[in-house]
Protein chains: 2
Amino acid sequence: MSDEALIPVPGLRLSEQVIERIAHLVEAGEVSRNGRFPSERMLEARWRVSRLVIREGFRALEMQGVVESRPGGGRFLRMDRVPDLARLRRARLETGRVPLLRLWEAREGVESQTAALAALRATPAQQEAIARPLRLTVALSPEALRHTDVNAEFHLAIARACGNPVLEELVADLVSRSQAEGFRHLVEAEDWSALQSGHRPILDAIVAHDPEAARRSMAQHFAALRHSLDRGDASG
Amino acid sequence: MSDEALIPVPGLRLSEQVIERIAHLVEAGEVSRNGRFPSERMLEARWRVSRLVIREGFRALEMQGVVESRPGGGRFLRMDRVPDLARLRRARLETGRVPLLRLWEAREGVESQTAALAALRATPAQQEAIARPLRLTVALSPEALRHTDVNAEFHLAIARACGNPVLEELVADLVSRSQAEGFRHLVEAEDWSALQSGHRPILDAIVAHDPEAARRSMAQHFAALRHSLDRGDASG
DNA sequence: GTCCGTAATTGGGTTACCCAGTTGGAGCTT
DNA sequence: AAGCTCCAACTGGGTAACCCAATTACGGAC
């Protein structure tokens with residue numbers, strides 16, 4: 001079933017088909033037995049494609065952390081990453097963008113947690129790093145704010161202060177994806193400065209070492225954002 | 001600066017260095033101007049490596065959705081994915097594992113949100129999908145539970161019911177990483193079944209369409225998990 | 001100025017080759 | 001029989017010279 005020759009399909013590169021086949025090897029249990037893949041030359045003969053194609057496929061999977069290559073040794077399945085395989089195959093298909101609303105919903109959950117943890121753990125220096133973008137917020141004009149990163153920096157500073165690398169990574173990811181969606185253009189200017197003022201209670205709660213107040217403030221901040229998005233959708 | 005010849009470095013493949021160079025091209029602004037990368041042959045001569053290496057690097061980036069290849073046309077930077085580049089470069093480096101405690105802290109934030117949203121949006125079929133692993137929990141012996149995925153399935157079913165693909169993806173990721181850390185072996189058997197019973201109030205709140213109760217129950221569930229982890233650390 | 005055909009260019013893929021590590025077994029030693 | 005050494009085969013990493021189909025760019029004809 002996974003031994004037939006690979007034939008070129010318009011719009012689908014051979015290396016993509018190879019990834020599919022590799023995933024199939026795993027799901028069929030042919031690999032998990034010992035965790036070692038057949039060699040490049042083996043698969044080359046088996047699927048009737050050149051080594052280049054095989055290698056490109058494996059390289060992509062290696063970048064995702066699913067496969068590990070040992071020169072001279074072979075290629076191995078990283079058992080702790082097997083669940084990622086299914087997600088990976090889906091990811092290739094759904095290149096689609098995600099609505100800003102969904103990103104904000106996610107950030108409400110993640111960043112309520114970072115705010116609460118930051119309230120528990122932020123050092124004075126980290127508190128200052130959170131406060132600085134807030135000072136810039138009040139110093140700059142609402143119009144100027146639309147073109148800066150003070151908003152993102154505020155959220156990132158909190159994430160860095162929460163003492164959890166996982167959460168820090170998640171926030172960095174979600175923030176950059178939010179920016180990619182170009183949310184600056186979706187929120188009205190007056191709303192914008194008002195939302196910035198929503199940052200203030202968050203900072204206060206963090207400085208006061210009050211985790212629950214920080215969590216609540218952050219959640220309210222995103223709730224306000226969602227409302228402004230609703231109005232923006234309705235008006236425009 | 002990004003024109004010097006690429007030299008082999010032990011433990012670092014050339015294609016990995018190529019990814020670094022490509023990212024540099026973007027960050028230096030050489031590409032974003034028109035969104036088109038120099039051709040394979042161009043970069044081959046510029047960096048003194050074979051086309052294979054160039055192509056492997058681009059292919060990996062293409063799988064991540066950052067780059068788009070058009071045969072006969074060239075390779076293009078997907079502007080809406082540019083922020084992913086930074087994340088990508090980090091991802092290659094931090095293969096390091098993360099303490100289970102940090103994963104659970106992150107999941108507390110993310111899954112409190114999925115639980116709340118699921119309470120608002122779960123269809124009857126989705127409620128059933130959440131309830132099923134819970135029934136298995138009470139049906140199986142505590143010892144048997146340690147070797148099944150009912151726990152993970154419960155959390156994943158909630159994520160699928162929350163109607164947010166971003167959150168669903170985050171939970172799938174965090175759950176698989178938690179499993180990779182082998183948490184089954186860290187929690188005592190008696191704690192385990194007790195923690196499973198913590199799932200009950202979450203399901204009840206979701207079925208009752210009570211988002212705040214769902215949020216609270218999920219947070220308490222993870223708080224209980226953390227406590228058991230503390231005891232586990234202290235005793236062993 | 002517009003249109004069309006040609007030539008150069010681009011990514012996709014193949015084949016043949018070389019290198020440096022790893023692996024595993026044959027054959028020796030103890 | 002158990003252990004050791006050493007070498008041959010194998011594995012992934014990388015290079016070079018090709019061929020193909022599709023796109024692009026350009027220049028001449030109209």
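Note on naming: letters A, B, ... go to the chains in the order of the sequence lines (proteins, then strands), and numbering restarts at 1 for each one. Nothing here was measured: the structure is a model prediction, and the numbers come from that model.
OP1 or OP2 of dG13(D) has at least one side-chain nitrogen or oxygen of Arg13(B) nearer than 4.0 Å. For Arg75(A), a side-chain nitrogen or oxygen approaches OP1 or OP2 of dG13(D) to under 4.0 Å. Side-chain N/O atoms of Arg36(A) include none lying less than 4.0 angstrom from OP1 or OP2 on dT23(C).
The CG atom of Leu52(A) sits 15 Å away from the P atom of dA16(D) (whole-angstrom rounding). Between the P atom of dT10(C) and the CD atom of Glu68(B) lies a distance of 18 Å, rounded to the nearest Å. In this structure, Gln17(B) places its CD atom 14 Å from P of dG13(D), rounding to the nearest Å. Atom CG of Leu14(B) is separated from atom C1' of dC19(C) by 13 Å (rounded to the nearest Å). Whole-Å rounding puts the Met42(A) CE to dT11(D) P distance at 7 Å. Distance CD (Glu40(B)) to C1' (dG13(C)): 11 Å, rounded to an integer number of Å. With rounding to whole Å, Ile54(B) atom CD1 is found 14 Å from dT10(C) atom C1'. When the C1' atom of dA22(D) is taken as reference, atom CZ of Phe76(B) falls 13 Å away, rounded to whole Å.
Considering every non-hydrogen atom in both Ile130(B) and Ala161(B), the closest pair reads CD1-CB, 4.2 Å.
Where Gly74(B) and Gly72(A) each meet DNA chain C at their nearest nucleotide, the meeting point lying more 5' is that of Gly74(B). Both Pro71(B) and Glu44(A) sit near DNA chain C, but only Pro71(B) has its closest nucleotide nearer the 5' end.
Arg160(B) pairs in a salt bridge (Lys or Arg N to Asp or Glu O under 4.0 Å) with only one of the listed residues (Glu168(B), Glu169(B), Glu153(B)), which is Glu153(B).
Evaluation of atom-type donor-acceptor distances gives a pair under 3.5 Å for the side chain of Arg41(B) against the base of dG11(C).
Closest to the side chain of Arg51(A), out of dT10(C), dG12(D), dG13(C), is dG12(D). Considering only the side chain of Arg55(A), dG14(D) comes nearest among dT10(C), dG14(D), dT15(C).
Salt bridge present: Glu62(B) and Arg13(A) bring a charged side-chain N and a carboxylate O closer than 4.0 Å. One finds no salt bridge joining Glu68(A) and Arg75(A) here, because no Lys/Arg side-chain nitrogen approaches an Asp/Glu carboxylate oxygen to under 4.0 Å.
Taking the six-membered ring for Trp and thresholds of 30 and 60 degrees, His155(B) and His221(B) have nearly parallel ring planes, at less than 30 degrees apart.
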